[in-house]
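Report on one structure; see the data block that follows.
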Amino acid sequence: MVESLFAEQDFLEKNSGNNFADIILPVPIPRMFTYQIPPLLKPQIQIGQRVIVQFGKKKVLTGIVGKVHNKPPQAYEAKPILDILDDQPSVNPLQIRFWVWMAAYYFCHIGEVMFAALPSGLRLSSESKIQLNPNFDTETSKYPLDVREEKILEALEHKPELSYEDCEKILGVKTIHPILKSLVAKEAILIFEKVQEKYTPKVETRIRLTKEISESKSALEAVFEGVAGKPKQESILLKFLRDVPVFQKPKLNEKGVDKATLLEEGDSESSLKTLIKNGVFESFKHVVNRIDDEKAVREAYELSSSQATAFEEIKTHFESKQSVLLHGVTGSGKTEIYIKLIQEVMESGSQVLLLLPEIALTTQIVSRLKKVFGSQMGVYHSKYSDNERVEVWNGVLSGRFSFVVGVRSSIFLPFDSLGLLIVDEEHEPSYKQFDPAPRFHARDAATMLAYFHQARTLLGSATPSFESYFNATQGKYGYVEINHRFGDARMPEYHLADLSADRKKNLLKLDSTRMMREKIQAALDKQQQVLIFQNRRGYSPYIQCEDCGWTGQCVQCDVSLTYHQFAEEMRCHYCGYKEKVPQSCPACGSTQLTTMGMGTERIEECLSLLFPEARMGRMDLDTTRNKYGYQRLLDEFGAGQIDILVGTQMITKGLDFGKVTVVGIWDGDRILNFPDFRAGERAYQQITQVAGRAGRRDIKGQVVIQSRNPDNELFEKVIRGEYYEFFRQEMFDRKKFYYPPYVKLVKITTRHADFKVAEKAAHALHREMATIQAKKIVLGPEKGIIARIKNQYQYESMIKLDRGGNTLAIFKENLAKILEELQSRPEFRSVRWVVDVDPS
DNA sequence: CCCAGGTTCCTT
DNA sequence: AGGAACCTGGGT
């Protein structure tokens, strides 16, 4: 399980007599780098500190001290560490151990893990800049300058420093280095390295009365006389005194008032400036937290009897097992159980991490937790700015936050004594990082992190992943089930709407069945809300020419472009390429271009035609791209300003609104037909999760699924909630055809701009892999499902490995050698191999 | 012959 | 990854 561990002596806190340090650098090279520790830095160097080192001829990078030792490197002279950035390590030894494990398990380089783990605000790297040589004078220079050199010098007259990129732009050429080199030789410019600390604390300008005024009533009276007839200044003064009664509470004046707040209601800044100039006010800077402190509101609540039972069961399991799977139907109130557990662990002095899928993080659950835990809780979000991330990081480091709610990357925060890790919605595929490396699964990594901390892991879901459920049935995980919805809310009622039958009977209107329309109408009549789920954004999948069958293709990828009506564009969802919709068919000139299939945008349009009185909303990647888009839609929906909300998977998360009574699944077949061994599992999960949004407490929810195959067995299993039956059936197939959890999967993608080279390289890889002595099955190489992405052709190989023993470790060890050898062949030098362990 | 650009190698 | 040295081929 643990692939590579550091010997404990590597983690000695302080350095005594060691002359060398192995530094982890954020570069994709599979090793650490040995630097020499200058005598001055020796006493203070510690593992986990950030240091500055020179890397390459001139580049300066931030690295992390990974190891301290006394073995001089054989083949080269070690360069010195230039500086230590932290007094106290930013990264603790446990984290480094975790990084080492992650790099080994997910087959990537430790530098890549470091890159993913550190918020970029904590990483600094230098950039080469040029400036004028102060000793240079054009008039007296003995070297003639050419046109381009003069252009650069001219630019430097206006700007004190230029980056390489600036120079490229100024001259419009790509290779500027020779020119700059010649300028250096002519002593006209200097090249220097500029390192910038990216994190900047947030500073507020605050205003207070000066000492003279605040300590004397007569001085203040004099001031008022002075501003008589100057209403603007007077108003500022009055407003200040209203908030700050100086003579009763002099301390308040010392703290001052935020300048922005003071000037809020249209008071002019110049009046304030005058007051400052006249010695009435003074302004000063104050460092504030970006993350608001909030007081915890201790709300007393009782767990329901089924929640209380689950709570006790979890704790009992934790006595003998590291991990517990909490299988609770949607709406069973898992959050309350989490809160109780978190409180207990925190009281015992340990830290807690709660992982949530990205989209669940903007929802009510966070504000709910904030109320309970207040300022002890940190939130780690993907939409946070760098500075905010650094503050959470430092907050964990300093002990300000002993509990963090966060997305998958929060497993990298510098915890030193975790007691509990909770992975909510543990089945969510978004816990797996696809690109770039490290391609880790946050749930699995969290379990390993818990192991390092000797902590417990709680996995929660209404529809557990088959891996986790399998582990539970094998007794590896404790298993706790809640079958009741909180407050005895009823499970929703399902309706399968047959698309083909309706079509035959001519009942289909704008791709909606009669059942769908009736249920929506019924909800609208009662002022209830409707959610419509479609797993595809955009207007429609593609535009096709009715005459010749032409469709828009991406120029860089082998996929058709998705039509986005709002922007009148066709976009590639793989690389982001976009182009305007042509007026006529580029192939045959016909103007008969029509849209095929349905995306959220199109469904929104159809529904507004069918229900003109309804207020529509849409929630997908396109409408929630900016920081507040998602929150705004949520607020509007929560406030009842939207009747029908159309959305992608985003709507399956955290939308717990009592007024939603009808949930429609627009295209049930699309969920079913996923080209993957997990198709069934995913479909079951998705439908159950969406359906779980319908109905609460007193109202029974209605779920309409449109499909051309309403007889599909999977629908029946979902409707009856026969999770276990479905699981058993799928497991039977997985065992028979060697799929996880019975085997370990490794996917290797071979990429190259030349299709023939990619193919050849993929085959060469297969020949080599055949020599690996491990229990395995090698599939492929096959052309990728999408044969070309971003102009790179790709071949995919899938390897199935025996779960037992160290088969995976042996395989990876051999694979590393093979890839190194292949990469060294001249013909494959520019081939890229991407290895994905436990692909999803 | 020069250069702009591509290619390959190396980083401690 | 990113920089720099080395290579190449087209234009004079």
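Please read all numbers here as calculations on a predicted model, not as lab measurements.
Residue A:Ile29 is in base contact, counting any heavy-atom pair closer than 4.0 Å across all strands shown. Backbone-only engagement by A:Tyr35 is indicated by non-hydrogen atom pairs under 4.0 Å involving sugar-phosphate atoms exclusively. Residue-level contact check: A:Arg829 touches the backbone only, with heavy atoms under 4.0 Å from sugar-phosphate atoms and none from bases.
Under the 6.0 Å distance and 45° angle rule, A:Lys812 counts as a cation-pi partner of A:Tyr105.
Side-chain contact annotation: A:Ser840 with A:His441, donor-acceptor N/O pair under 3.5 Å absent.
Between the CD atom of A:Gln823 and the P atom of B:dT8 there is a distance of 12 Å, given to the nearest Å. One can place NE2 of A:His109 at 16 Å from P of B:dT11, the figure rounded to the nearest angstrom. To the nearest angstrom, C1' of C:dA1 lies 17 Å from CD1 of A:Ile110. Whole-Å rounding puts the A:Tyr76 OH to B:dT11 P distance at 10 Å. Remark: P of B:dT12 and NZ of A:Lys67 are 19 Å apart, rounded to the nearest angstrom. Atom CD in A:Gln54 sits about 14 Å away from atom P in C:dG3, given to the nearest Å. Distance A:Phe828 CZ to B:dC9 C1': 20 Å, rounded to the nearest Å. Atom CD of A:Glu827 and atom C1' of B:dT8 are 16 Å apart (whole Å).
Shown are A:Phe412, A:Tyr431, A:Phe434; of these, the ring pair (Phe, Tyr, Trp, His ring centres under 6.0 Å) with A:Phe440 is made only by A:Phe412.
Classification of the A:Trp101-A:Tyr106 ring pair by plane angle, with boundaries at 30° and 60°, yields perpendicular.
The listed nucleotides are B:dT12, B:dT11, B:dC9; the one nearest the side chain of A:Lys79 is B:dT12.
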